[in-house]
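Below is one structure, written out as structure tokens, with a few remarks after it.
Each chain gets a letter, A, B and so on, in the order its sequence line appears, and its residues count up from 1.
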Protein chains: 2
Amino acid sequence: MVIKKYIYLCSMFSLAEENYLKAIYHLEQQAKGEVSTNAIAERMDTKPSSVTDMVQKLAEKKLLSYKRYKGVLLTADGRKTAANVIRKHRLWEVFLVEKLNFHWDEVHEIAEQLEHVHSEELISRLDKFLGSPDFDPHGDPIPDKHGNVKRTEKKLLSELEKKQRGVCVGVRESSSEFLQYLDKKKITIGTKITVLGKEFFDGSMIIQVGRDQFFISKKIGENLYVQTL
Amino acid sequence: MVIKKYIYLCSMFSLAEENYLKAIYHLEQQAKGEVSTNAIAERMDTKPSSVTDMVQKLAEKKLLSYKRYKGVLLTADGRKTAANVIRKHRLWEVFLVEKLNFHWDEVHEIAEQLEHVHSEELISRLDKFLGSPDFDPHGDPIPDKHGNVKRTEKKLLSELEKKQRGVCVGVRESSSEFLQYLDKKKITIGTKITVLGKEFFDGSMIIQVGRDQFFISKKIGENLYVQTL
DNA sequence: AAATATTTTTAGACTTATCTAAATTATCAG
DNA sequence: CTGATAATTTAGATAAGTCTAAAAATATTT
């Protein structure tokens, strides 16, 4: 039997290319406007010179537009490709949490690998198997197969005022440390939170979660998304 | 957020190394004895000179023993590593067929990619999720986490004599063409087959499957494993 | 607006895994 | 046992993706 080699390297885009597109996609959402070489380098933990090389390559492939010294913007093609990688990442995260009972702070690195498996059919079937979820375990929206994302009007918990209530719909940062803190406090997607008090001096809050009342710092409030009730 | 790069390239062995180990493992099982450079090259669809390079690298890592012009043999370490990759491949195949309803002739290429995802925990949980299966959808045994394989005493259908019965337990070749032929004839793992007649001239047979009786060539009989009943 | 600092790019080098072509070793037939 | 053939290895080159160091462009400060 002869083994076909590197099936997945033939599939349109390389691992490195997909990772660059994904990073640029995320940076575009935050920054609104051209994404700088340095920003990409920092996010990907590489050197700016490496970014320049790759960005030129992606520009030749029409996945982004690039002018020397001016930063980059994804083209429609590039955005769709990036969204597709993110779709795969988030679907796999749902699989890991819902089916394999991983904890929501354990799935990122594994999904980081799974997202590069190339097979349209696989993702389509995985999506169906999971019941076509709209959000991943951290509350982030899962792009559809055309790369479109359902945008929801969510706020940061820190934007709520005293006496307002909200339901947790996602996290802005998803480091293990933060997710484990939330677990300890019994906060997860769907948890209802009431603001009992807010300190203007340092932005800290007293909140109620179930029967428990406790203090949270500004940093916590600025990393938790809620929808007001 | 800073993204750690190439998490999975840090995980002990590269994609290429894992593929070489897997190929050599399979060749060792067939060949009984040293595996030649040319045999590896043919199976992996590369050139012998590339094989020599990689084999020297794997020898330095103590994954196999190599003497110039004499071929290679896996060490215990190498064999265990290879078996682990095969374990992952076959568990993913079970997942694809049992959970995502893929057909048994569609799963190989996808599993070929999934097998390189590095996470012990993932495989351990996947195994449990699937009910710790012993065989993949083609009837091939799934090595346990220590790399040990349950060997079963299976025969080729072509070894059966007239009037003997057997249950299909696997296929020797698993090309799409062959698997699709078997489907057309309603033969799958677990199907009972009775030999009604055998032609010594060309090795062809007349067999009974369910209510159907039909002719099969020698080549078919030599690629189907059965356990006698 | 010139001087300084920062960002970005270029140039050249390295690593991994591959290739071709040439050289070497082994094997087999007579 | 010797020469022909086949298998294997070596040497040098290539491509992708990265790096360092230096040069060029842009931004900021005074």
Partners passing salt bridge (Lys or Arg N to Asp or Glu O under 4.0 Å) against [X] (at least two apart in sequence or in another chain):
| X | result |
| --- | --- |
| K61(B) | E17(B) |
| E161(A) | K198(A) |
| K80(B) | none |
| D134(A) | K150(A) |

State which of [options] makes the closest approach to the side chain of [X].
| X | options | answer |
| --- | --- | --- |
| K47(A) | dT9(D), dC19(C), dC19(D) | dC19(D) |
| S36(B) | dT8(C), dT8(D), dT18(C) | dT8(D) |
| S49(B) | dT10(C), dT18(C), dT9(D) | dT9(D) |

Less than 4.0 angstrom between a side-chain N/O of [X] and OP1 or OP2 of [N], yes or no?
| X | N | value |
| --- | --- | --- |
| Q56(A) | dT9(C) | no |
| Y66(B) | dT9(D) | yes |
| N38(B) | dT8(D) | yes |
| S50(A) | dT18(D) | no |
| T37(A) | dT9(C) | yes |
| Y20(A) | dT18(D) | yes |

Check the distance between [N]'s [atom2] and [X]'s [atom1] and give it to me in whole angstrom.
| X | N | atom1 | atom2 | result |
| --- | --- | --- | --- | --- |
| L58(B) | dT18(C) | CG | C1' | 15 Å |
| N19(A) | dA16(D) | CG | C1' | 14 Å |
| K61(A) | dA16(D) | NZ | C1' | 10 Å |
| M54(B) | dT8(D) | CE | P | 18 Å |
| E42(A) | dT8(C) | CD | C1' | 15 Å |
| D53(A) | dA15(D) | CG | C1' | 13 Å |

* To do: Kindly state whether the ring of F13(B) and the ring of Y20(B) have centres lying under 6.0 angstrom apart.
  => no
Taking only nitrogen or oxygen atoms into account, show me every contact under 3.5 Å that the protein makes with nucleotides 23-26 of chain D, one pair per line with its distance.
| residue | atom | partner | partner atom | Å |
| --- | --- | --- | --- | --- |
| dA25(D) | O4' | Y69(A) | OH | 3.3 |

* To do: Could you tell me which residues satisfy side chain to side chain donor-acceptor pair (under 3.5 Å) with Q180(B), sequence neighbours excluded, listed by chain and number?
  =>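 In terms of side chain to side chain donor-acceptor pair (under 3.5 Å), with neighbours along the sequence ignored, Q180(B) is linked to D105(B).
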* Asked: Would you say W92(A) and V107(A) make side-chain contact, with heavy atoms under 4.5 Å?
  ->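 Not in contact.
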* Remember a base hit wins even if backbone is also touched, and classify E17(B) as base, sugar-phosphate or nothing at under 4.0 Å, heavy atoms. => nothing
